[in-house]
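Report on one structure; see the data block that follows.
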Amino acid sequence: MPIRLTNSLTRAKEEFVPLDPANVRMYVCGPTVYDFAHIGNARPAIVFDVLFRLLRHEYGDAHVTYVRNITDVDDKINARAAEIAANSGMSVEQARAELTATTERQYIEDVTALGCLPPTVSPRATQHIGEMIALIEQLIADGHAYAADGHVLFDVASDPGYGKLSRRSTDDMIAGARVEVAPYKKGAMDFVLWKPSDDATPGWDSPWGRGRPGWHIECSAMAGKYLGDTFDIHGGGIDLQFPHHENEIAQSECAHHKPYVKMWLHNGFLQVEGEKMSKSQGNFFTIRELLADWPGEVLRFNMLRTHYRQPIDFTFAGLRESWKMLERWYAVTEPLANPAPDAVFLDALRDDLNTPAAIAALHQADDLALAGGLGFLGFSNVQMKIAAKTEVDTVAIADAITARNAARKAKNFAESDRIRDELLAKGIVLKDTPQGTTWEVKR
RNA sequence: GGCCACGUGGCGGAGUGGUGACGCAGCGGACUGCAAAUCCGCGUACCCCGGUUCAAUUCCGGGCGUGGCCUCCA
């Protein structure tokens, strides 16, 4: 069975046929590194990690290139860097470098804990300023961009294909716009490719003076450098579809005169307990703080229980349910060696990455296929074990179990039940098996 | 205001123009000193109103609700 994926460009489920099976190419928009990533950021990282694993399975590990960028130039970063500089005596440029390096490291730690493989390439925007300038010069030369008032802007009117991804006509967008149009723009929809930096803002020398790139140009430049003018898959959150991805298409196709991406994939939005996640509502969770209470595998599994295109409601009840299922499965799968997933499981993933159907297949699978499927999805049991072992005093529990079993042997059940209840009050659940008494932490 | 997505049993969540996926919880049974764990069994749901159809949860139109984008936010 071939892989089929829903292409946002056509809104249809299409068979995935790589441009070059020897080098399948995927780009996913990565984080802007100014603060800890939150649970909403975890969704694309996990979803496209599963797609990466599936592509590697189908085409071979050496034949898939996955690029996920690091956005380390951005006005939110600049604002934070300015704060740090003011408080520390560092220069703004030093503060920016330190902030982005630290945040990038934290991001990698977080998504690693969530079971995500490292991408093939993780390019940083600031290391590709030259490529961005070259791309902008090409756009100007071809009449798709113009310099005005220290800025360089993309001329949306020069691109007849503009709007094909988000399916908006420029008339609709102008009618719906609620912001003032900057006076230097020729068209209301024109967007910034390059903007000037003052002395307090990080900047790079360019043909248009010292400045910094606009938001969209970095992805076009880095995707082009590592994946070529045309590549197979571009992924990201649905919120990025417009304007970010629409503008990427405009830039790359007008500069290269070729299709930019064959298939666009967008994951759905995440809510928390039925409401929009926001700092003001107090339901904002970083990956880092969730990892303090929940194994990364539980967070990962919880995410994969919903199809990637659906909206997802992140809840703690769901997390508890996910923990329970994984625990049950790990008890069965742990001793097995060299497991392999079965065809039902793989076909579910090939069908537009249907992870809920794949998980359902695991419920029906034998132990070997179950272990194979879990391994395929990136579950290892390591963090679950760590979580179980670090929270409790194992020596005291072992002593209590010994005392209880002595009481049971003497048929003193009042005493044995008292000991069991005492442990239960501490969150320890006992299980009497033919091989002896075991325990686990109750969730 | 404009554009777009989603709305399935107590809960989570696939899928389909016509035999009620799957999981969690719950209930019954086995097991157990009693439990827990495990195993076996048990469930006639598709937001509302129209339309198309022999037949709609599934297709079309409208409404309501939730959310996204248009503006920094994933």
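Since the model is a prediction, treat every value here as computed from it, not as a measurement. In the text below, chain A, chain B and the rest are named by the order of the sequence lines, each starting its count at 1.
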What nucleotide among [options] has an atom nearest to a side-chain atom of [X]?
X: Tyr34(A); options: A21(B), C24(B), C73(B); answer: C73(B)
X: Phe269(A); options: G7(B), G68(B), A36(B); answer: G68(B)
X: Pro243(A); options: G33(B), C70(B), G67(B); answer: C70(B)
X: Arg328(A); options: C73(B), U38(B), A37(B); answer: U38(B)
X: Ile238(A); options: G68(B), A14(B), A35(B); answer: G68(B)
X: Glu321(A); options: G23(B), A14(B), C6(B); answer: G23(B)
X: Arg404(A); options: U66(B), C24(B), G33(B); answer: G33(B)
X: Asp432(A); options: A35(B), A36(B), C22(B); answer: A35(B)
X: Pro356(A); options: G13(B), G15(B), C6(B); answer: G13(B)

Atom-pair distance ([atom1] on [X]; [atom2] on [N]), nearest Å:
X: Phe284(A); N: C73(B); atom1: CZ; atom2: C1'; result: 9 Å
X: Ile401(A); N: A35(B); atom1: CD1; atom2: P; result: 20 Å
X: Asp367(A); N: C39(B); atom1: CG; atom2: P; result: 10 Å
X: Asn267(A); N: G68(B); atom1: CG; atom2: C1'; result: 12 Å
X: Ile312(A); N: G7(B); atom1: CD1; atom2: P; result: 14 Å
X: Phe191(A); N: U71(B); atom1: CZ; atom2: C1'; result: 16 Å
X: His363(A); N: G13(B); atom1: NE2; atom2: P; result: 14 Å
X: Ile359(A); N: C22(B); atom1: CD1; atom2: C1'; result: 10 Å

Classify the nucleic acid contact of [X] as base, sugar-phosphate or nothing, counting any heavy atom under 4.0 Å across all strands shown.
X: His38(A); value: base
X: Leu430(A); value: base
X: Glu275(A); value: nothing

Please give the distance between the [atom1] atoms of [N] and [M] as a whole number of Å.
N: C47(B); M: C42(B); atom1: P; result: 27 Å
N: G63(B); M: C6(B); atom1: C1'; result: 16 Å
N: A14(B); M: G7(B); atom1: C1'; result: 15 Å
N: G15(B); M: C59(B); atom1: P; result: 12 Å
N: G18(B); M: A25(B); atom1: C1'; result: 32 Å
N: U57(B); M: A21(B); atom1: C1'; result: 14 Å
N: G41(B); M: C22(B); atom1: P; result: 11 Å
N: C4(B); M: C46(B); atom1: P; result: 28 Å

Determine whether any donor atom in the side chain of [X] lies under 3.5 Å from an acceptor atom in the base of [N], or the reverse, and answer yes or no.
X: Gln241(A); N: G68(B); answer: no
X: Asp417(A); N: G33(B); answer: yes
X: Arg420(A); N: C34(B); answer: yes

Please confirm whether the shortest side-chain N or O distance from [X] to OP1 or OP2 of [N] is below 4.0 Å.
X: Lys276(A); N: G68(B); result: yes
X: Lys76(A); N: C73(B); result: yes
X: Arg11(A); N: A5(B); result: yes
X: Lys324(A); N: A25(B); result: yes
X: Thr433(A); N: A37(B); result: no

Under 3.5 Å, is there a donor-acceptor pair between the side chain of [X] and the main chain of [Y]?
X: Thr100(A); Y: Ala97(A); value: yes
X: Tyr34(A); Y: Lys76(A); value: no
X: Ser220(A); Y: Glu248(A); value: yes

Could you tell me the Watson-Crick or G-U partner of [N], where both distances fall under 3.5 Å? Say none if there is no partner.
N: G26(B); answer: C42(B)
N: C34(B); answer: none
N: A14(B); answer: none
N: C3(B); answer: G68(B)
N: U58(B); answer: none

Are [X] and [Y] close enough for a salt bridge, meaning some N to O gap below 4.0 Å?
X: Glu297(A); Y: Arg300(A); answer: no
X: Asp417(A); Y: Arg420(A); answer: yes
X: Asp432(A); Y: Arg408(A); answer: yes
X: Arg418(A); Y: Glu415(A); answer: yes
X: Lys185(A); Y: Asp190(A); answer: no

*Are the ring centres of His38(A) and Phe314(A) closer than 6.0 Å?*
no
Comparing Asp351(A) with Ala317(A), nearest RNA chain B nucleotide closer to 5' gives the residue Ala317(A)
When Gly40(A) and Ala360(A) are each assigned the nearest nucleotide of RNA chain B, the 5'-most assignment goes to Ala360(A)
